[in-house]
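Below is one structure, written out as structure tokens; comments come after it.
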Number of protein chains: 2
Amino acid sequence: MKENSVFQALADPTRREILRLLRNGDMTPGEMIGSFNITQPSLSHHLNMLKQADLVIAQRQGQNLVYSLNVSVFEETVGMMLDIFGKKNNNKE
Amino acid sequence: MKENSVFQALADPTRREILRLLRNGDMTPGEMIGSFNITQPSLSHHLNMLKQADLVIAQRQGQNLVYSLNVSVFEETVGMMLDIFGKKNNNKE
DNA sequence: ATTATAATTAGATGGTTGTCTAATTAACTA
DNA sequence: TAGTTAATTAGACAACCATCTAATTATAAT
């Protein structure tokens, strides 16, 4: 896992909001754009950073690109944070 | 909590290593510096970012500044990540 | 008061980020 | 083959970041 890019990706409120949106189901950039006050190229930039960090996955469906969460990387990151802080990570059922 | 500065702070390997060091007990910059290949002003800069993010606390003891972890902010951050990813956060005994 | 030690602050520099407009690629439709 | 829609890529720009050297502040010791 690329910790740097993961935390870097999480350090922007727009990107965290994208993740929250995706939590409720897969979405295309065209569906997301209404939730933000930025242009589509900026949104595309943010999606690219999330993709670099492996936090999201993109799949083409016709004209659309459908973005989904990549939950495993997220859970690894939480695990790493718990590790840094020394809290026992014995709750992975 | 200032999510931006917390994640920004975590996005640097030197700063994550500082946190791991502090996990084993409070330390002064002079004690930390040997673990890194950077100058003391750079270390001071990193400590300042961690302080801005409320991840560490500094207390003067004579000539020394003693840095400690601020665990509560860390746990809030983990909680926020679990929230973003929709995982139930029912393991806080 | 002077000197020494611990650490920060100031200032400079090269690299990265967030945003925009303009141009391009990709896929569908008629 | 155009024309349309969806989205990315290119290029520019101001702001921020990691690092360094040099200067400064704060405390202690003689």
Side-chain angles (χ1 to χ4, degrees), chain A residues 1-22 25-70 77 84, chain B residues 1-22 25-70 77 84:
Chain A
M1 186 185 36
K2 318 140 189 166
E3 292 98 346
N4 284 16
S5 53
V6 171
F7 287 120
Q8 184 61 51
L10 292 171
D12 182 275
T14 298
R15 291 193 288 264
R16 290 196 301 274
E17 185 59 25
I18 290 171
L19 294 173
R20 286 197 195 86
L21 288 177
L22 291 179
D26 298 355
M27 287 183 89
T28 67
E31 292 167 334
M32 296 177 202
I33 191 64
S35 302
F36 303 100
N37 245 340
I38 58 176
T39 62
Q40 262 208 343
S42 294
L43 175 59
S44 186
H45 166 70
H46 287 305
L47 288 168
N48 192 48
M49 298 202 75
L50 290 169
K51 201 160 58 177
Q52 295 300 311
D54 270 335
L55 287 168
V56 303
I57 294 163
Q59 276 179 302
R60 185 169 279 283
Q61 280 186 12
Q63 279 170 293
N64 303 306
L65 279 172
V66 180
Y67 282 86
S68 342
L69 286 184
N70 186 3
T77 306
I84 288 177
Chain B
M1 187 186 36
K2 319 140 185 167
E3 291 98 345
N4 285 16
S5 53
V6 171
F7 286 120
Q8 183 61 50
L10 292 170
D12 182 276
T14 297
R15 290 193 289 264
R16 290 196 301 275
E17 185 59 26
I18 291 172
L19 294 173
R20 286 197 194 86
L21 288 177
L22 291 179
D26 298 356
M27 287 183 88
T28 67
E31 291 167 337
M32 297 178 201
I33 190 65
S35 303
F36 303 100
N37 245 338
I38 59 177
T39 61
Q40 261 207 341
S42 295
L43 175 59
S44 187
H45 165 70
H46 287 305
L47 288 168
N48 191 49
M49 299 203 74
L50 291 169
K51 203 161 56 176
Q52 295 299 313
D54 270 334
L55 286 168
V56 304
I57 295 163
Q59 276 180 302
R60 185 169 279 281
Q61 280 186 10
Q63 278 169 296
N64 303 304
L65 278 172
V66 180
Y67 282 86
S68 342
L69 285 185
N70 185 4
T77 306
I84 288 178

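All values below come from the heavy atoms of this structure, side chains included, with hydrogens, waters and symmetry mates left out. Here is how names work: the chains are called A, B, and so on, in the same order as the sequence lines, proteins then strands, and each is numbered from 1.
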Rounding to an integer number of Å, can you tell me how far [X] [atom1] sits from [N] [atom2]?
X	N	atom1	atom2	value
A:His46	C:dC20	NE2	C1'	12 Å
B:Met27	C:dA6	CE	P	14 Å
A:Ile33	C:dT19	CD1	P	11 Å
B:Asn48	D:dC17	CG	P	11 Å

OP1 or OP2 of [N] versus the side-chain N and O atoms of [X]: is any pair under 4.0 Å?
X	N	answer
B:Arg60	C:dA6	no
B:Thr14	D:dA18	no
A:Asn64	C:dA27	no
B:Tyr67	C:dT8	yes

When you get a sec, tell me which of [options] is the closest nucleotide to the side chain of [X]?
X	options	value
B:Thr39	C:dA6, C:dC20, D:dC20	D:dC20
B:Met49	C:dT19, D:dA6, D:dA18	D:dA18
A:Leu65	D:dT8, D:dA6, C:dT8	D:dT8
B:Thr28	C:dG18, C:dA7, D:dA7	C:dA7

- Message: Could you go through B:Met27 and B:Leu22, starting from their C-alpha distance and side-chain angles, then the distance that decides it, and tell me whether this counts as side chain to side chain contact (heavy atoms under 4.5 Å, CB included)?
- Response: CA-CA 6 Å; B:Met27 287 183 88; B:Leu22 291 179; 3.9 Å; yes
